[in-house]
Amino acid sequence: MKHDRSQRVERLWLQLKLFLDDARIKNFTSCFKEKDFLAFFFKQLQKNTTNRYPEFPYISPCGREFNYIRCDDMPIVYTELLTKRIDGASRDFLLYCNGPEKAMSVCFEPERLCMLPRSGRLYYPTRESLGGVGLVKSALAIQLSKHFEYRESRDPDASPTHFNWNGRCYLLTNELVRLTNDDV
């Protein structure tokens with residue numbers, strides 16, 4: 001595919017590395033890593049409504065340039081769970097897309113986690129303008145999985161129903177099931 005100077009094509013991989021789409025070698029050395037760039041890039045991220053390059057469902061405008069993006073699953077990937085002290089109380093936050101902590105974190109509400117049984121992937125809400133669903137990075141999902149309970153079903157393919165976090169048991173809303181495609 002040929003692109004003019006005002007367009008770049010990126011690809012997001014499940015391990016949340018951002019690459020130029022036509023990069024032949026995709027590893028840590030060839031991905032974008034600069035935190036301020038990532039913060040700007042993901043802040044601008046939106047659905048592609050340009051009618052150009054429909055195989056790239058997202059864009060990140062940068063001045064006159066459009067960065068066309070496709071990803072393996074969801075464009076927002078939560079990568080780390082942080083605890084911050086705010087007004088003397090501890091609060092948990094999810095950091096997304098390996099960006100800077102202040103610019104790219106959301107308050108963690110454990111009851112909003114959603115694990116899909118067919119794919120085994122764990123999701124968490126994100127901006128409605130991006131479809132409302134973000135993916136939890138595999139390594140973080142594995143860490144969180146020990147806190148799930150399956151109370152209402154003995155079916156091994158069932159979704160978890162509860163999440164134990166900081167001495168409290170949360171009933172999972174599973175509100176994201178309707179927004180995802182569990183055929184992955």
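Below, all heavy atoms of this structure are taken into account, side chains as well, without hydrogens, waters or symmetry copies.
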Exercise. Is the shortest heavy-atom distance from the side chain of L176 to the side chain of R178 under 4.5 Å?
Worked result: no
Describe, in one word, how the ring planes of F66 and Y68 are oriented to each other, choosing from parallel (under 30°), tilted (30 to 60°) and perpendicular (over 60°). tilted
### Query
Less than 4.5 Å apart, any side-chain heavy atom of Q46 and any of P61?
yes
Value for CE (M74) from CZ (R121), rounded to nearest 0.5 Å, stands at 9.0 Å
Rounded to the nearest 0.5 angstrom, the CG-CG distance for L122 and L135 is 8.0 Å
So, are R112 and E175 salt-bridged, with charged N and O less than 4.0 Å apart?
-> yes
**Report entry** Backbone of W165 reached by a side-chain donor or acceptor of H147 within 3.5 Å
**Finding:** no
Heavy atoms of C71 and Y58 approach each other most closely as SG-CE1, 4.0 Å
Problem - S159 side chain to M115 backbone, donor-acceptor under 3.5 Å - result: yes
Sidechain-backbone polar pair: R85 side chain, G88 backbone, donor-acceptor under 3.5 Å: yes
Q.
Counting C-beta onward and ignoring hydrogens, is there a side-chain heavy-atom pair between L172 and F148 closer than 4.5 Å?
A. yes
Q.
Let me check something: do V106 and F40 share a hydrophobic cluster, defined by ILVMFWY side-chain heavy atoms less than 4.5 Å apart, either directly or through other members?
A. no
CZ of F163 to OG of S145, rounded to nearest 0.5 Å, is 9.0 Å
* To do: Spell out, as yes or no, whether a donor-acceptor pair under 3.5 Å connects the side chain of Y78 to the backbone of L140.
  => no
I'd like to check N164 versus C169 (side-chain heavy atoms, cut-off strictly below 4.5 Å). Are they in contact? yes
- Quick one: is the NZ or CZ of K84 closer than 6.0 Å to the six-membered ring centre of F93, and within 45° of its axis? yes
CG (L81) and CZ (F108) are apart, to the nearest 0.5 Å, by 5.5 Å
| So if you build clusters from Ile, Leu, Val, Met, Phe, Trp, Tyr with side-chain heavy-atom gaps below 4.5 Å, do V177 and L179 land together? | yes
Rounded to the nearest 0.5 angstrom, the CD-CG distance for E80 and L94 is 10.0 Å
Using modelled atom types only, decide if a donor and an acceptor are shared between the side chain of S60 and the backbone of F41 within a distance under 3.5 Å.
yes
| Any donor-acceptor N or O pair under 3.5 Å, side chains D73, Y123 | yes
Can you find a pair of side-chain heavy atoms, one from Q44 and one from C62, that are under 4.5 Å apart? no
**OP:** Report yes if the side chains of L45 and L130 come closer than 4.5 Å at any heavy-atom pair, otherwise no.
**Re:** yes
Worksheet entry | Within-4.5 Å side-chain heavy-atom neighbours: Y96 and S105 | no
Between the CG atom in L171 and the CZ atom in R151, the distance rounded to the nearest 0.5 Å is 8.5 Å
> Do the side chain of R127 and the main chain of V133 share a donor and acceptor less than 3.5 angstrom apart?
Replying inline: no
Is the backbone N or O of R91 less than 3.5 Å from a side-chain atom of T83, with the two atoms forming a donor-acceptor pair by type? no
Can L144 be reached from Y150 by stepping across I, L, V, M, F, W or Y side chains whose heavy atoms are under 4.5 Å apart? yes
Would you say the side chain of Y170 lies within less than 4.5 Å of the side chain of E109, judging by non-hydrogen atoms? no
task = State whether the side chain of N67 and the backbone N or O of I59 hold a donor-acceptor pair below 3.5 Å, judged by distance alone.
result = no
Closest non-hydrogen contact found for N48 with Y53 is ND2-O, 3.4 Å
